Amino acid sequence: MDTDIKKKEKYLINIPIVAILFLKIIFTSLFQNLFSTNIVSDLKLIFPIIFLALYFFSFLLWPTCKVELYFFIFIAFICLLSRKSYIITVFSLVLLFSRLQLIDIINDYKFATILGILVTSISSLLGIISLHGITGNGSSVLTFGFANENTFGFFITFLAILFLLKYDGSFYVSFNLINTLFFFFVFFINIFSLEDNTTAVVMIIFLLASKIKLKINNLTEILVGIVPPLLLWLSFFFALNYNRYYFIQELNRIITNRFIIWNYYLNHFSFNLFGNNINFGLVNFFGGAFDGSYIYYTLNYGIVIMFIWTLGLMFANILLLRYKNQAILAILLAFEVYAFTENLPFDYQSFVILIAMLSWMPGYLSNS
């Protein structure tokens, strides 16, 4: 697509995207207690309609090409097979971003995350919603309006990383006084206030992956490409062998009972091509939620979707390395690891899965 699109035309597409991403954050916060479940569900059903309307509207603004047509057919075919509202929503957003550029994805998520954190935090300080969320064991924790410490930690970590990104024709990580102080402030908040070591590890992985100079060769491509399928395999290995190996049970204590929860669901629900209809609130008696993207999304949305996502992540990692886009690659690698124990990194609260799907579109990542 033409890189010289007028800014005014882009605003017609980007502003509604930011507004919907902002609402998605609001519905993840304690604001959800102010709305009925039906209202939130109905609004979420409108999101894909808006995404598709904007997608088709973009054809009036900018020309298209055969690649975009083929990509639309590919996405539409998957949605037709899946018929899950969430998958249709995510893939509608993927189609819309296929008409934009990678810088638009980054900026839209940055602005929406800033707005979401500010509105939620200020509202909690004003007493509109509670300042405190609930941890997995039922205790209260300061979350500035978010439902729990993991959700709050996710958004501030995501924002701290996005603040480090700069763009001058290509993406790079740049430190200045403000974004460095904010990054390490979030790092210590995660460790000492939220006691969320996972997000701290993710921030370290991002720094290392963005600053270590990666050589572009076959070995490095294999190493970055193997990360998503390896984490997928490890998720199922730990879940299926929970009662077989003692060391897995020891690791389970460290990551707040993830493995035993995974084991429970894998023993009670079968795999199928396009997912199950499961009440994922069943097992809070294990002292934690059903978190872990590789297993959660496979059970919920099916083997086909996870296969496409995993291959997309592999393609994205390799292509970003090949086209020297190490800053975005660092985010993907960090969030792929993050997704091992959490669901939010693969939700469209972040852009990881969007980039994974856009890697299926020839030329998208190379042109961005």
Side-chain angles (χ1 to χ4, degrees), residues 74-75 78 81-82 87 90-91 94 198 201-202 205-206 208-209 212 214-242 244-245 247-248 251-252 255 258-259 261-263 265-266 269-276 290-323 325-326 328-348 350-362 364-365:
F74 169 64
I75 294 295
I78 298 171
L81 291 175
S82 173
I87 295 301
V90 173
F91 283 22
V94 168
T198 304
V201 170
V202 167
I205 292 173
F206 168 75
L208 292 175
I212 294 175
L214 298 177
K215 294 183 178 180
I216 304 174
N217 54 42
N218 291 338
L219 177 60
T220 312
E221 288 186 359
I222 291 171
L223 290 175
V224 299
I226 204 173
V227 171
L230 177 61
L231 290 168
L232 176 64
W233 176 80
L234 283 173
S235 296
F236 283 94
F237 174 81
F238 288 134
L240 293 171
N241 292 284
Y242 177 78
R244 187 175 180 183
Y245 298 111
F247 82 91
I248 296 179
L251 286 174
N252 178 67
I255 61 169
R258 293 294 195 270
F259 298 157
I261 294 173
W262 299 351
N263 177 266
Y265 277 110
L266 292 184
F269 300 96
S270 60
F271 294 109
N272 61 59
L273 292 179
F274 293 102
N276 300 276
F290 183 15
D291 273 328
S293 294
Y294 296 98
I295 287 186
Y296 174 86
Y297 287 102
T298 302
L299 275 181
N300 203 6
Y301 300 112
I303 296 170
V304 171
I305 295 299
M306 182 50 68
F307 177 75
I308 292 170
W309 283 2
T310 304
L311 278 183
L313 289 168
M314 290 175 60
F315 296 155
N317 288 354
I318 292 170
L319 290 172
L320 289 169
L321 173 70
R322 192 173 292 174
Y323 296 119
N325 201 337
Q326 191 168 332
I328 305 300
L329 172 60
I331 295 177
L332 258 64
L333 290 173
F335 275 61
E336 285 160 9
V337 175
Y338 199 176
F340 183 72
T341 60
E342 303 294 335
N343 293 341
L344 282 173
F346 279 9
D347 190 278
Y348 69 98
S350 85
F351 48 67
V352 172
I353 289 302
L354 304 182
I355 294 177
M357 288 306 303
L358 288 166
S359 73
W360 285 88
M361 180 176 170
Y364 184 87
L365 293 180

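Remember, predicted model here, so these are calculated numbers, not experimental data.
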Seminar exercise, completed: Looking only at heavy atoms, the pair that brings Met306 and Ser293 closest together is CE-O, 3.7 Å
For this session: Taking the side chain as every heavy atom from C-beta outward, state whether Val304 and Leu81 have any atom pair closer than 4.5 Å.
Result: no
Exercise. What's the spacing between Ile355 CD1 and Leu320 CG if we round to 0.5 Å?
Worked result: 6.5 Å
For this session: Side-chain contact test, heavy atoms from C-beta onward, threshold under 4.5 Å: evaluate it for Glu336 versus Tyr294 and give yes or no.
Result: yes
For this session: Could you tell me which non-hydrogen atom of Leu266 sits nearest to which non-hydrogen atom of Ala239, and how far apart they are?
Result: CD1-CB, 3.3 Å
Exercise. Say you draw a straight line from CG of Leu299 to CZ of Phe290; how long is it, rounded to the nearest 0.5 Å?
Worked result: 5.0 Å
Exercise. At what distance, to the nearest 0.5 angstrom, does CD1 of Ile226 lie from CG of Leu231?
Worked result: 10.0 Å
For this session: Classify the ring geometry between Tyr301 and Tyr297 as parallel (under 30°), tilted (30 to 60°) or perpendicular (over 60°).
Result: parallel
Seminar exercise, completed: CZ (Arg244) and CZ (Phe237) are apart, to the nearest 0.5 Å, by 7.5 Å
Problem set entry | Residue pair Leu329 / Leu214, side-chain heavy-atom distance below 4.5 Å | yes
Problem set entry | Rounded distance (nearest 0.5 Å) linking atom CG of Leu333 with atom CD of Gln326 | 9.0 Å
Exercise. Should the heavy atoms of other residues, nucleotides or ligands under 6.0 Å from CZ of Phe307 be counted, would the total exceed 12?
Worked result: no
Problem set entry | Test item: Ser350 side-chain N/O and Pro345 main-chain N/O as donor-acceptor pair under 3.5 Å | yes
Exercise. Of all heavy-atom pairs between Arg258 and Asn252, which one has the smallest distance, and what is that distance?
Worked result: N-OD1, 3.4 Å
Seminar exercise, completed: Rounded to the nearest 0.5 angstrom, the CZ-CG distance for Phe351 and Leu358 is 11.5 Å
For this session: Taking atom types as modelled, find out whether Asn276 and Asn272 have a side-chain donor-acceptor pair closer than 3.5 angstrom.
Result: yes
Seminar exercise, completed: Taking every heavy atom of Thr220 against every heavy atom of Lys215, the minimum-distance pair comes out as OG1-O, 2.8 Å
Exercise. Quick check, are the ring centers of Trp262 and Phe340 under 6.0 angstrom apart?
Worked result: yes
Exercise. Can you tell me if CG on Asn218 sees more than 12 non-hydrogen neighbours from other groups inside 6.0 Å?
Worked result: no
Problem set entry | Side chain to side chain, Ile75 and Met357, heavy atoms closer than 4.5 Å | yes
Exercise. For the residue pair Phe259 and Phe238, is the inter-centroid distance of their aromatic rings smaller than 6.0 Å?
Worked result: yes
